[in-house]
Each structure stands twice: as structure tokens, then as C-alpha cells.
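Let me begin by presenting the structure, written as C-alpha cells, before commenting on it.
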Amino acid sequence: MNHSAFYKRIRLSGVYAILLAFLSVPIGCSSDDGDEVVIDDDSSVVDDDTTSSGDIVITDTNTSGTAEGDTDNTGADEDDLVENATFENTVQIVFSDTSATITNPVPDDVVITQDGADVTIYSAISKVAYEVSGTTTDGMLKIYSDKKFKLSLNDLSIVNTDGPAINVQSSKTIFVILEGTNSLTDASSYSDIPDEEDAKAAFFSEGQLVFSGSGALNVAGNYKHGIASDDYVRVISGTITVTEAASDAIHTNDYIIVDGGTLNLTADSDGMDCEEGYIIINAGTLIINAVDDGIVASYDIDDEEEPDDSITPNVTINGGDFVINTSEGEGIESKGIMTINDGTIIINAYDDGLNAGGILYINGGNNYVYSTLNDAIDSNAGITVTGGTTIAISVRTDEPDGSFDCDDDSFKITGGTILGLGLNTSFPTETESTQNSVIFDGVSANQLLSIQSEDGTEALTYEVPNSVITIIYSNAKLETGETYNIYTGGSVSNGTEVNGLYTSGTYSGGTDSGDSFTINSTVTQIGGEMGPTGEGGTGGVRPGGF
């Protein structure tokens, strides 16, 4: 797949409209004469037949408050750069179908044994580079070393029928350089693994795996994980594709950092799982299709009898392009805090789209989060939004699930744009929020929703993909003291939209719902249902709506 072209296409407004239409679950309907009929949670029906909207110019307004959370942590480490290391000796290994040709300039210090295409290396010196290429359908590469080394893969293909394809029994840094197209496939069951050794992936390492280069690596993890490290994995560049994994596509103990490259991950469990540490994504393209969670820092302090206070299971996203699909789990989960500073995120999750055990901070990014079973965005310790554009949709209507859920903790909004559609929403905390919000009843699917001030200034133009009970909207366009009318239907000419939210164009022809509101407080509620109330909020449900 041409990933660059894929992302260029997926950002086009037409594709987004198709995506949202495909995901929609309409529960509204129209009257015989074409006027809108909205069914609220009390099954009352309102059939409004009022004036139409004139031409309204759509503007792009998105202010930012002061960023909070993990705002400046990229995990930068000069020791992870291969250009800062030196290598004095190069060992070459070229696999053939049932054998391998080995060129070893330092046989006294690097001992290599060979059984057919099973190659085992015992290195006692530092500054060794291994260049590995060729093809075998029944082989492996195993390396023992207590020094860091470079491992260059150049058009290498290894299939192992009784264990990992590459098994690194070293606790030091391994610089993995990708050249050409490489593939690794392990066995569905392992044999002849010493009891004192760990081996649980097609590409396994006891130490740190740092990937770079301009090549590609394709991995099939039939036994457990695709790529695993008992320390950490860092991806600087290259294209890594895990075509299948019996468990996680990428699994680590300490942390995962992605600085660039392309990761296309498919897994029967998690796409990326850090067992006892944190995850930082700085840049790159991540396409994840997982049965369980897409990305997860999974160390759950609450489940530990004596939790390790030094473990911070946080997720920080500083950039990157994400498309995450899960069939049973959550999109992105952090057992600690989660911070989104930038990036383009598209999540279609079965369970929560975003879930944080600690506070969830959204400081930026263009975030589209869709959940079919649970909350779109859920935090167990509060939500703070200071910037970015976040659309959160939860389509299930028979459970207490909403677009934004922060239990009874703070829901603070100081900037950015949030648009939530669901059965309910948490109520923003008025004492902490500085940007105005409005909460109102949902409308029928697949139509435009427009909020306009009485003087004809546009505050929101959005193509609604799903019929829901409650909509929450916050943006700097909602000004204190202004009165706004809500229109539905109509059309947009010469418009630009992302995920259904228009940032330019001209809106016209909408039908006035007959309902209006005036912004007299930080949070204005004219309908909809409340989930848990944010600390300091007033909560509750106002019957009726429009």
C-alpha cells in the first residue's frame, strides 16, 4: 500500500463524509412533509416549521489555552542514535534455503556455530556490526552478547519452524537497520528453548530494539507477539508491518517510543502494549487493526497489591497520523495519564475510544473518536481540554455511555473545539472552565446542524453522522451574552470539512428548529442527558429540548 497516498486520500472531505455515513446508526426520522422530527429520550415529538437560514459564512476559529499534562516529553536519548555509535568489525551472514554462508573477521572474539540454517552467535567484544541477508525456510538467527551491536537486515527472509526467527539474548541496545524488504516468521509452537531463556516473538530481544533505516520489515508472529523486547522498542524510521500476531503486534516491558516511520500492525490482542511503562509517539504513521486495544500502557496500579511507584503507565502523543480499529477493545488506553499534544487521530473502537486511568489532557491534534459499545472518551480522573479539535461519538443508546465521561471528576475546558455525540455527556466544570459550552438534544442523522447568532454569525456547521440523544459543543465562537438559534438541514457551498466539521464555505437553506439559547454562563444546557457530573458542575437534565 502507498501509505502517503492513503493518508492524502483519507484527509479529503469526501472520504470523511463516506466514512461517517458508513458508521452512522440512524434512529431519527422525517415527517411526511419533509420537516424534521426529533425523538427525545422522553419520546416526545417536536415538529418545527419555521424560517430558513440565509447565507452564513463559515469561519475556522480554534483558540488554545495553556497546555497541561505531559507537554514536553519526547523521550529523546542521544544513545539511541546509531550515528553516535562506532563499529569496528563487520560479520556477514547470507542465508540460503538450508544453510548459511558466514564471513567472520574476528573468529576468536565472535564465535559462530551453525546447524544447517540455524545460526548462533556468541560475541565477547563490542563495536560489532552484523549484516544479514538471504532466504531460509527453516532457519533462525540467535545472538548472545553483553555489548551493544548493530544488526543490518538487507532483503532477509527467515521462516523458523520451531522457534523465533530472530532471538537476541542480550540486555544491551541493538541498532536494527532496515534495508530492502525483510520478512520474519516464527513457529506456532517453540521447542528447544532453554528454561532460563525467554522467547516470545518472531523478533525477540532481551534488550532494547532501536529500528531505523529506509527499508521494510514484515513480521508474522504465530506463537505470541510479532516484535517483543523485555526492555524497550524505539522506531526512528523504516516501515514495519506485523501481518499477524497471536497476541500483541509490538510488546515491551519498559517503554515504546515512535519518532517516525510507518507501522502497520495487525494483532489478535493489542497493537502496541507496554507492560510496565509508558508510550510516547512523536511522529510517524500508525495503522492498527487489533482485536483488543490499539495502543495501551497496561500496568494497572489499582490491580497491584503493592504497586511500584516508579512505574508511570502514561501515553503521550506529540504527533503522528493514526488510524486505529478495534473489534473488541479500546482505541488508546493509558492506565496512568494520557496527553494528546498534536497529531491526526482516527479511532473506530468497539470499547472506549480513548481511556485514561489518570487525567486525560487534550492540548491539540485533530481527533476523531468513535465507539460502538462504550464511551467515546473516558477518564477515571478527569478531562482537561486546552486546544485541538476533538469529535467524540458514542452510538450505543441502551447503556449509560456517552461522548465524554469523567465520572465525578473535573471536566475542564479552556480552549480548542469539542463536539460530542452520545446518549449523554459529563457536565463541564464551570468553576474551572474558561471557554463556553452548550449541551442540547440530538438531531436526525445524515443532515447538517448549524448554530448561528442572531446577527448571522456562524458558531457551528457540522454534518451529523448519527442520531443520538445528547450533543455537547464548545468553541470560542460561543460568546457570553450572545443569543443563538439552531438550524438543521440546508447545504454548504464551497466548503471544507474534516470529519464532518466545516471550517469554511457558505451555509444556507437550513430550517430553524425554533429553539434558541443565550450564553449567560460557562455551560448552557437546553436539552440532552447528563452522565456523571464534573466536580463543580451542576449536572441534571432539562426535560424537553427541541
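Throughout, numbering of the chain's residues begins at 1 and tracks the sequence. This structure is a prediction, so every number in the text was calculated from the model and none was measured.
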[X] versus [Y], closest heavy-atom pair with distance:
X	Y	value
I93	A100	CG2-CB, 4.3 Å
P164	A199	CG-CB, 3.9 Å
L419	Y473	CD1-CD1, 3.9 Å

#### Entry: salt bridge (charged side-chain N to carboxylate O under 4.0 Å, His left out) contacts in which one or both residues fall within residues 226-247, not counting sequence neighbours
D80-R234, K200-D230, R234-D259

### Summary
Here the salt bridge (charged side-chain N to carboxylate O under 4.0 Å, His left out) pairs for residues 324-335, sequence neighbours left out, are D300-K335, E333-K335

Checking [Y] against [X]: is there a side-chain donor and acceptor pair closer than 3.5 Å?
X	Y	result
S183	S157	yes
Q169	N167	yes
S394	D375	no
N84	E78	yes
T161	D138	yes
S152	N154	no
T173	Q208	yes

### Query
Would the F175 and F149 ring centres measure less than 6.0 Å apart?
no

### Query
Hey, would you say the F411 and F404 ring centroids sit under 6.0 Å apart?
yes

Would you check if [X] and [Y] make a side-chain contact, meaning some heavy-atom pair closer than 4.5 Å?
X	Y	answer
T339	I317	no
N348	Y370	yes
I332	V296	no
I257	N282	yes
Y350	N374	no
Y368	V498	no
D352	L354	no
I281	I279	yes

### Task
Test side chain to side chain contact (heavy atoms under 4.5 Å, CB included) on I311 and Y278 and set out the steps.
CA-CA 8 Å; I311 297 176; Y278 57 87; over 6 Å; no

Backbone N or O of [Y] within a donor-acceptor pair of the [X] side chain at under 3.5 Å?
X	Y	result
T429	E432	no
N160	G163	yes
N182	A216	yes
S433	I413	yes
N318	N73	yes
D405	D407	yes
T285	G261	no
S504	T496	yes
S229	G207	yes
T252	Y232	no

With respect to [X], which candidate in [options] satisfies the side-chain contact (heavy atoms from CB on, under 4.5 Å) definition?
X	options	result
T239	L178, T262, T181	T262
V176	V210, V82, I236, L153	L153
L217	V242, T241, L184	L184

### Task
Could you walk me through whether L360 and I337 pass side chain to side chain contact (heavy atoms under 4.5 Å, CB included), step by step?
CA-CA 6 Å; L360 169 60; I337 70 169; over 6 Å; no

### Query
Just wondering, more than 12 heavy atoms not from Y299 lying within 6.0 Å of its OH?
yes

### Query
In this structure, are over 12 heavy atoms from other groups packed under 6.0 Å from E306 atom CD?
no

### Query
Checking salt bridge (Lys or Arg N to Asp or Glu O under 4.0 Å) for the pair E68/K412: CA distance, chi angles, key distance, verdict?
CA-CA 11 Å; E68 299 185 36; K412 177 181 177 181; 2.8 Å; yes

Could you check whether the rings of [X] and [Y] sit parallel, tilted or perpendicular, using 30° and 60° as the cut-offs?
X	Y	result
H225	H251	parallel
Y144	Y122	parallel
F203	F211	perpendicular

### Query
Which of these passes side-chain hydrogen bond (donor to acceptor under 3.5 Å, both in side chains) with T389: N62, N367, N366, N475?
N62

